[in-house]
Protein chains: 2
Amino acid sequence: MKKFFEQSPAIRWKDDRLELLDQRILPARHEFLPLDDVESVADAIKDMVVRGAPAIGITAAYGVVLAARKRYAESPENWTQLINNDLECLAASRPTAVNLFWAIENMRKAIDGYQGGDPVPALLELAMKIHEDDIQANRTMGEYGADLIVQHCRDRGIERCSVLTHCNAGALATGGYGTALGVIRSAYARGIIDHVYADETRPWLQGARLTAWELLQDDIPVTLLADGACAHLMKQQKIDWVIVGSDRIAGNGDVANKIGTYTTAVAAHHHDVQFMVVAPTSTIDMSLMDGDDIPIESRQSDEILYVSGYRVAADGAEAWNPVFDVTPAKLVSAIVTENGVVQAPDAEKMANLMC
Amino acid sequence: MKKFFEQSPAIRWKDDRLELLDQRILPARHEFLPLDDVESVADAIKDMVVRGAPAIGITAAYGVVLAARKRYAESPENWTQLINNDLECLAASRPTAVNLFWAIENMRKAIDGYQGGDPVPALLELAMKIHEDDIQANRTMGEYGADLIVQHCRDRGIERCSVLTHCNAGALATGGYGTALGVIRSAYARGIIDHVYADETRPWLQGARLTAWELLQDDIPVTLLADGACAHLMKQQKIDWVIVGSDRIAGNGDVANKIGTYTTAVAAHHHDVQFMVVAPTSTIDMSLMDGDDIPIESRQSDEILYVSGYRVAADGAEAWNPVFDVTPAKLVSAIVTENGVVQAPDAEKMANLMC
């Protein structure tokens with residue numbers, strides 16, 4: 001049986017346009033949103049039709065293709081200048097995931113090297129390569145991460161590990177297969193996963209809505225819990241690994257990821273639970289010394305004040321809604337990338353990885 | 001202007017029956033549920049019409065009055081035997097909050113000393129005394145807790161503290177005024193509170209639905225956050241104190257409270273934030289050596305899988321829903337009771353407090 005992440009990617013180029021699985025309405029409805037122009041792509045990123053750092057980058061790359069098609073039709077002479085506005089529009093859609101800027105930069109380099117003629121085929125090929133490379137990177141990371149779990153089992157003389165994940169770092173958040181969920185998929189296939197727990201991940205409920213749905217599509221059982229229950233889970237049940245993705249990793253190994261990740265990392269540290277971050281090198285921002293410089297997006301307070309469209313908080317209540325946090329490198333056991341694993345990350349090891 | 005907790009208690013004896021403010025539908029609707037018999041009272045506790053350890057105890061005390069009235073009418077000779085079933089029914093309503101058993105035990109002692117005649121006036125008087133004593137205890141604890149905050153400000157040379165609370169340990173959870181929110185009320189009145197943050201407190205959203213509503217009724221500004229954001233809050237904003245209530249405190253100072261409290265305590269410990277537990281001595285269970293023996297209620301997984309009546313998780317997903325956790329005494333800076341404050345609690349200090 002073909003697995004979900006193979007038969008149904010969340011991002012696809014079809015009939016000369018981009019289609020995104022609308023993640024705002026999952027798992028209740030499974031609908032693709034067709035996008036014909038770059039403004040719609042930027043809005044889709046902003047409104048979280050698509051989310052997850054690698055998926056945002058891939059989406060933006062396809063957005064550049066749509067922009068190039070329109071600008072080239074407008075002006076075959078000046079399209080490489082006209083498209084700058086579109087690239088800025090895409091770059092302004094969300095601030096934290098560095099993969100967005102990485103993908104735009106990759107596409108820009110191709111535009112800078114433009115030699116004449118219709119630019120769309122070459123740009124589309126590059127966007128597809130970014131997409132396919134991401135899937136391949138996820139499969140590689142899946143094996144690297146599973147190797148870490150195997151080693152952990154060996155060191156402790158146990159057969160299987162139980163894992164906790166936060167948010168959704170799966171096929172839905174990437175080109176396919178997933179980062180954190182890629183490791184969980186690979187490890188589950190090897191028979192070394194005892195149980196998968198998933199934080200529901202307020203306020204957007206990516207864990208409840210997306211991770212549970214995605215894992216169940218692949219027949220991997222999953223148990224949800226309230227985010228606040230993570231420390232109690234670690235104390236009561238045997239949790240060996242917390243496994244998460246990332247939206248940006250600084251040069252010293254500090255990790256920005258979905259709000260709540262840092263709380264989970266502190267709880268893991270307190271309970272001597274291993275903490276694995278799985279992210280392609282496109283997530284690593286060597287221009288930043290540490291996590292203090294990572295811009296943290298705040299979204300509207302309504303995400304806290306309303307649940308499922310229903311006002312839960314009293315009128316007059318305010319909410320603080322940063323949607324990412326930073327886990328310092330010292331709380332991270334390993335960063336898994338497609339180019340290798342960095343255990344107990346620091347600036348020197350990160351530089352060695354990226355050189 | 002009269003404050004909310006004075007003009008509108010959540011538990012009241014009116015027209016010879018018990019009325020409970022229905023906390024399941026707050027803050028959208030403000031309705032009292034009238035209760036005439038003990039079975040309805042047990043159901044109201046079970047279904048969380050009323051919640052919060054002291055409030056559950058007070059409600060049960062009034063429930064015993066209703067039971068006595070019915071049993072005495074049935075059989076003036078045998079009512080003290082017949083009522084045993086009712087006491088058991090009440091005691092079976094929820095397992096964790098020890099105030100429930102404490103209140104039933106107090107009422108049972110009065111029944112054991114029955115001297116003849118209509119027992120209702122004396123039992124009602126006792127239930128009202130339990131209710132009034134709780135309010136008085138809260139006011140006393142409010143001052144003790146505020147004294148701790150004053151001392152903290154003095155020691156650090158600051159004027160005001162910012163505080164974070166979890167769940168609702170307010171007027172709604174007690175006879176009135178509140179435990180944790182009682183301290184916040186008293187400290188706010190003294191002008192030493194800079195800002196109040198409240199975890200939304202999944203899955204039941206007591207923070208968003210109840211704490212925000214209750215504080216805003218008293219014109220105390222409050223900012224909600226996702227539970228998972230607590231560590232990021234402590235790192236980004238200056239948080240001086242976490243202040244919570246409790247459902248049961250073991251003989252060594254281990255504290256059972258709403259799920260998520262332990263995670264918040266671990267985060268507080270990591271960030272050198274003070275952790276204050278505010279609970280009347282009726283919450284202390286000296287029969288238990290430590291928190292491992294506190295029974296932790298698990299509620300139905302639908303509380304996680306559905307939000308506001310809307311299914312959020314994929315079909316087939318399971319949920320783990322323990323609704324309390326235990327914070328070990330070593331993470332607690334102070335336990336504030338009406339009989340005094342225990343700093344850095346341990347078995348010896350708890351025994352001294354309770355002797």
Side-chain angles (χ1 to χ4, degrees), chain A residues 26-28 166 197-203 205 208-209 212-214 216-217 221-233 235-237 258-267 269-271 296 301 304-305 307-322 325-326, chain B residues 26-28 166 197-203 205 208-209 212-214 216-217 221-233 235-237 258-267 269-271 296 301 304-305 307-322 325-326:
Chain A
L26 283 175
H166 186 76
Y197 291 91
D199 287 336
E200 60 172 4
T201 317
R202 283 281 294 153
L205 295 168
R209 297 197 306 103
W213 182 73
E214 188 181 321
L216 290 168
Q217 298 276 325
V222 56
T223 300
L224 291 164
L225 58 142
D227 303 330
C230 69
H232 186 56
L233 178 77
K235 194 160 74 170
Q236 293 297 310
Q237 316 283 337
K258 180 55 47 196
I259 189 73
T261 302
Y262 174 46
T263 299
T264 310
V266 169
H269 181 71
H270 188 81
H271 293 91
I296 299 295
S301 57
I304 304 280
L305 302 174
V307 178
S308 304
Y310 178 83
R311 173 102 191 180
V312 289
D315 287 337
E318 295 180 357
W320 184 66
N321 189 26
D325 58 28
V326 175
Chain B
L26 283 175
H166 185 76
Y197 291 91
D199 287 336
E200 61 173 3
T201 318
R202 282 283 293 154
L205 296 169
R209 298 197 306 104
W213 181 72
E214 189 182 320
L216 290 168
Q217 297 277 326
V222 56
T223 300
L224 290 164
L225 58 142
D227 303 330
C230 69
H232 185 56
L233 178 77
K235 195 161 73 169
Q236 293 297 313
Q237 316 282 337
K258 180 55 50 197
I259 189 73
T261 301
Y262 175 46
T263 299
T264 310
V266 169
H269 182 69
H270 189 80
H271 293 91
I296 298 295
S301 57
I304 304 280
L305 302 174
V307 178
S308 305
Y310 178 83
R311 174 99 190 184
V312 289
D315 287 337
E318 294 181 358
W320 184 65
N321 188 27
D325 58 28
V326 174

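Heavy atoms only: backbone and side chains are in, while hydrogens, waters and symmetry mates are out. Every chain is numbered from 1 and lettered A, B, ... according to where its sequence line falls, protein lines coming before strand lines.
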* Best-contacting candidate, B/Ala212, B/Ser308, B/Ala317, against chain A by heavy atom pairs under 4.5 angstrom -> B/Ser308
* Structure fact -> Checked B/Thr264, B/Leu26, B/Ile296, B/Val222 vs chain A; the most non-hydrogen pairs under 4.5 Å come from B/Val222
* To do: Calculate, to the nearest 0.5 Å, the distance between atoms CD and CG belonging to B/Glu200 and B/Leu224 respectively.
  => 7.5 Å
* Looking at B/Ala267, B/Ala229, B/Ser301, which has the largest count of heavy-atom pairs under 4.5 Å with chain A? -> B/Ala229
* Which atoms of A/Pro322 approach chain B - backbone, side chain, both or neither, heavy atom under 4.5 Å -> side chain
* Structure fact -> Under 4.5 Å to a heavy atom of chain A? For B/Leu216 that would be side chain
* Structure fact -> Hits for side-chain contact (heavy atoms from CB on, under 4.5 Å) against A/Pro27, two or more places apart or cross-chain, chain-then-number order -> A/Arg209, A/Trp213, B/Ala314
* Structure fact -> Separation between CG (B/Leu205) and CD1 (A/Ile304), nearest 0.5 Å, reads 10.0 Å
* Calculate, to the nearest 0.5 Å, the distance between atoms CD1 and CZ belonging to B/Ile259 and B/Arg202 respectively. => 12.5 Å
* To do: Classify the angle between the aromatic ring planes of B/His270 and A/His269 as parallel (below 30°), tilted (30 to 60°) or perpendicular (above 60°).
  => perpendicular
* **Interface residue of largest heavy-atom contact number with chain A, from B/Asp227, B/Leu225, B/Val312, under 4.5 Å** => B/Val312
* How many angstroms lie between CG in A/Asn321 and OG1 in B/Thr223, if you round to the nearest 0.5 Å? -> 12.0 Å
* **Contact origin within B/Lys235 toward chain A - heavy atom pairs under 4.5 Å** => side chain
* Judged by atom type as modelled, is there a donor-acceptor pair below 3.5 Å linking the side chain of A/Thr263 to the main-chain atoms of B/Gly228? -> yes
* Asked: Between A/Ala208, A/Ala265, A/Cys230, which has the largest tally of heavy atom pairs under 4.5 Å with chain B?
  -> A/Ala208
* Asked: Would you call the rings of A/His271 and B/Tyr262 parallel, tilted or perpendicular, where under 30° means parallel and over 60° means perpendicular?
  -> perpendicular
* Asked: So what's closer than 4.5 Å to chain B heavy atoms on A/Asp199: side chain, backbone, both or neither?
  -> neither
* Asked: Is chain A contacted by the side chain of B/Leu233, its backbone, both, or neither, given a heavy-atom distance below 4.5 Å?
  -> both
* Please flag which part of A/Ala28 lies under 4.5 Å from any non-hydrogen atom of chain B: side chain, backbone, both or neither. => side chain
